[in-house]
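First listed ligand is number 1; within each ligand, the first listed atom is number 1.
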Amino acid sequence: MRAFTITADKFTAENIPHCGNKFLIGNGYFGIRGTMEEYTKEHMPAVNMAGIYDKVGDAWRESVNAPNPLSTYVKINGKKLALPDAEPISHKQELDIAKGIHTRCTTWQTEGGEVCVTCERFADMARRNAVGMRYTLKTDFDCTAEITTGIDGDVWDINGPHFVKIDTASRGDIEAVSGTTGEKGIIVTAQECVSYRFDGEINVRCGEKQVLKTITFTAKANTEYCFEKTALIYASCDEKPCTDAADELNYADLKREHIAAWERIWDVSEVEIDGDDEAMLALNYSIYHLNCIAPRGLSGISIPARGLSGQVYKGAVFWDTEMFMIDYYIHTEPAVAKTLLQYRIDTLCGAKTKAAEYGLDGAYYAWESQEGGFEACSDYNVVDVFTKRPMRTYFRDKQYHVSAAVVYGIMKYINATGDTGILSEGALEVIIECARMYRSLLIKKADGSQYEIRDVVGPDEYHERVSNNAYTNKMAQFVFKTAYDMIKALDNDSYDELNKRYDLEKLLDVFKDSYENMYIPQPSEDTGLIEQFDGYFKLEDVSVDEVRSRLLDPKEYWGGAYGVAADTQVLKQADVVAMLSMFKNDYNAEIMRKNWEYYEPRTEHGSSLSACMYSLLSCHIGNPDAAYPLFMKSASADMNPGGKEWAGGIYIGGTHPASEGGAWIVAVKGFAGIDIADGELVCNPNLPKKWKKLSFKLMFKGELYCISIENGKGTINKI
Ligand code: IFM
């Protein structure tokens with residue numbers, strides 16, 4: 001893997017939330033925000049745990065942050081030096097994405113002279129519970145120095161506090177802080193061992209929420225004083241208990257194993273782009289994030305919409321995973337993709353419960369899914385900025401397309417891995433139950449000709465409760481056809497077995513009737529345009545800027561009953577365009593072009609899921625240069641400040657793994673034109689002008705391939 005480093009060489013307090021996302025490290029079991037070691041909870045440090053949730057009172061249920069074992073600050077001659085309060089004369093934060101190592105180097109000017117701290121740390125990719133940290137203090141004058149390091153159980157929460165009980169302990173060389181969650185009594189522990197080789201007086205304090213160890217010593221000018229910390233994070237609900245002890249780990253060994261693990265990951269996942277270093281960095285940075293949150297060797301969890309960067313969107317799993325992220329894992333680490341799908345199989349019961357709650361058959365997957373498929377979304381998911389009252393929204397009730405995304409994800413996985421075995425492991429039941437759910441939504445059109453689906457919210461969330469959303473109807477048809485085909489493909493034994501639980505003959509009839517008679521909004525003969533939903537073209541046709549100018553408050557919600565976009569054609573994110581980019585073989589290039597050109601100027605791209613879909617469709621219609629800026633936007637979602645971070649006083653920032661996965665899809669399926677035709681991998685490339693060569697590896701049906709595109713020609717070689 002070539003050296004790729006992300007840097008911020010200036011400190012600004014307003015960038016603290018952004019840097020927390022941008023410099024995230026993680027290993028799938030937890031994510032550690034790119035915050036400074038001295039930060040307290042106001043600055044949003046977090047060791048965000050995968051798949052552990054808690055609810056406090058009536059507040060939203062959300063994922064849990066572990067006690068923070070990185071907590072460290074220094075005092076020089078009795079004066080504390082800590083960001084953001086003490087302004088530095090220089091500050092550099094770096095992320096080595098090849099090695100998964102975060103470093104910071106900060107220098108302060110004091111009365112006595114300069115004080116510099118450096119710290120490197122990593123979320124161990126080889127040992128899921130471990131964290132390594134090496135902290136160094138250097139002054140250019142003799143002074144009395146204090147380094148205080150420990151574990152902080154007073155963690156940042158959005159809807160917390162989640163720990164109803166915090167225990168602190170210090171025994172021998174080990175300190176530990178355990179927080180017990182209120183709802184389920186899960187104990188989340190951080191344990192640490194600190195080692196150093198200089199003389200100092202040591203003082204360990206076990207407080208109510210922290211254990212802090214202070215080393216006081218006389219620092220000589222221009223001498224480095226360094227301590228190493230090995231820490232472990234684990235929870236009482238872990239499937240595989242942590243068997244390590246922090247004092248048995250060695251920092252250098254951990255670091256070596258960690259780097260080797262990243263090397264193995266990059267060996268398959270690195271993408272090389274000749275002629276465009278900026279794009280190569282952005283894309284590999286996206287891949288870095290996808291790797292930090294992959295649940296390797298874990299079970300029962302999937303990836304939340306904001307990855308492991310905190311509690312935004314309740315730490316919940318959305319359709320983002322199956323539509324935007326899973327492709328990357330399918331083609332680099334299929335076992336991870338299978339884990340993601342297993343989560344949907346395991347949570348089928350939750351999806352059935354939700355369907356029943358709405359009077360539907362089958363399985364209706366949660367818009368915001370937590371453990372067990374629990375729907376975390378409330379009926380009031382947005383706050384009115386004027387009245388401060390919760391607003392009734394329909395994300396939870398009406399985004400039926402989530403179930404289809406699960407089926408779509410399953411089929412992408414099967415087509416690319418050949419692992420049809422997953423069907424008998426529960427995936428077929430998921431497909432059938434999703435098809436049953438869609439069937440119970442169908443209504444015969446008044447003229448009796450076809451089935452329609454009324455009262456939905458499509459991917460464009462600004463228009464609620466619409467009918468015949470082209471995307472939703474097309475996805476429902478896809479689910480019916482998939483369910484039909486998968487049942488038809490069963491061998492006799494499997495058919496008989498499944499027939500004990502379902503009347504398969506009847507289901508085949510029902511699914512066939514459903515997909516054959518499903519109403520799919522068609523391109524107009526005059527304009528070639530597909531109407532996003534019934535009546536969309538009758539809405540006010542104004543520009544995105546005009547709609548924006550109507551906001552009375554910048555934090556107003558654009559959608560819902562009376563949002564500024566609701567009665568206009570302005571949409572939040574790709575909707576018809578998402579449908580076209582997914583079903584490109586069903587439409588000709590001219591139709592796709594006309595719809596892209598119509599919908600793009602009317603799209604706010606208010607969701608980070610939007611740009612990649614437009615970019616992908618641009619590639620499909622042979623316009624890679626129009627695709628390029630949208631690809632870069634998608635790949636850089638977490639690199640540049642300026643994304644939506646706050647809404648109505650609620651932090652909505654965090655990392656954007658769907659956007660990052662979307663960027664990978666554009667590079668591989670768009671620019672490189674990788675597709676599966678007749679069960680084989682094919683390549684129809686269309687590179688942006690400045691890309692001289694694009695190369696990457698890809699897993700397909702259990703084999704690793706090397707793909708290389710140069711001079712308009714693609715080669716696919718088995719490794
Ligand atoms: O799933 C998305 C949704 O489509 C748009 N709002 C954000 C969600 C989470 O990324």
Side-chain angles (χ1 to χ4, degrees), residues 21 60 62-63 158 286 289-290 293 302-326 340 344 364-370 375-378 381-383 391 393-406 408-409 456-464 466 469 471-472 475 532 555 557-560 563 565-566 570-579 581-582 603-614 616 633-634 637-638 643-648 650-663 665:
N21 303 321
W60 286 342
E62 65 188 9
S63 56
I158 295 179
S286 293
H289 274 281
L290 293 167
I293 55 177
S302 182
I303 303 177
R306 289 292 190 258
L308 297 175
S309 63
Q311 296 154 323
V312 168
Y313 287 129
K314 305 159 190 132
V317 178
F318 286 63
W319 69 309
D320 305 29
T321 312
E322 287 80 12
M323 296 308 293
F324 299 85
M325 301 179 211
I326 202 169
L340 304 179
R344 296 301 195 174
Y364 182 7
Y365 278 92
W367 189 66
E368 294 184 296
S369 182
Q370 296 181 341
E375 171 64 90
C377 185
S378 76
N381 209 42
V382 171
V383 171
M391 273 166 75
T393 48
Y394 292 87
F395 305 101
R396 180 193 209 274
D397 330 31
K398 304 289 178 187
Q399 292 216 35
Y400 299 113
H401 66 86
V402 178
S403 285
V406 173
Y408 196 75
V456 311
V457 178
D460 160 29
E461 294 164 340
Y462 287 165
H463 298 91
E464 296 193 330
V466 300
N469 167 242
Y471 178 92
T472 305
M475 287 302 273
Q532 187 178 304
K555 289 175 182 162
Y557 181 56
W558 289 36
V570 167
L571 50 145
K572 180 180 186 182
Q573 65 194 77
D575 198 301
V576 168
V577 162
M579 176 191 82
S581 61
M582 287 157 55
T603 305
E604 188 222 352
H605 296 297
S607 160
S608 64
L609 276 50
S610 192
C612 57
M613 283 291 179
Y614 276 91
L616 186 60
K633 183 175 169 157
S634 209
D638 292 321
K644 283 188 194 167
E645 298 254 302
W646 296 92
I650 294 176
Y651 180 62
I652 59 151
T655 56
H656 298 82
S659 189
E660 285 148 354
I665 293 174

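Of the protein's non-hydrogen atoms, Y313 OH, 3.4 Å is the one closest to atom 7 (C) of ligand 1. Considering only non-hydrogen protein atoms, atom 9 (C) of ligand 1 sits nearest to D320 OD2, 3.3 Å. Considering only non-hydrogen protein atoms, atom 5 (C) of ligand 1 sits nearest to Q573 OE1, 3.2 Å. Looking from atom 3 (C) of ligand 1 to the surrounding protein, the closest heavy atom is E461 OE2, 3.3 Å.
Interface atoms of ligand 1 facing L609, defined by a heavy-atom separation under 4.0 Å, are 1 (O), 2 (C), 4 (O), 10 (O). Numbered from 1 in the order shown, with element, the atoms of ligand 1 that lie under 4.0 Å from a heavy atom of W319 read 1 (O), 2 (C), 3 (C), 4 (O). Here is the list of ligand 1 atoms found below 4.0 Å of a heavy atom in K572: 5 (C), 6 (N). Within ligand 1, the atoms closer than 4.0 Å to a non-hydrogen atom of A305 are 9 (C), 10 (O), numbered from 1 in the order shown.
The one candidate from E461, K314, R396 that meets the side-chain hydrogen bond (donor to acceptor under 3.5 Å, both in side chains) condition with N381 is K314. When the options S608, S286, S634, S610 are evaluated for a side-chain hydrogen bond (donor to acceptor under 3.5 Å, both in side chains) with S659, the one that passes is S634.
Side chain of S607 to backbone of L609: a donor-acceptor contact under 3.5 angstrom is found.
Proximity of H401 to P459: side-chain heavy atoms (C-beta onward) are separated by under 4.5 Å at one or more points. Put simply, the side chain of M613 reaches to within 4.5 Å of the side chain of F324, judged on heavy atoms. Residues N469 and Q532 have side chains in contact (heavy-atom distance under 4.5 Å, counting atoms from C-beta outward).
Closest approach of S302 to T321, counting heavy atoms only: OG-CG2, 3.5 Å.
The shell of residues lying under 4.0 angstrom from ligand 1, judged by heavy atoms, excludes Q399.
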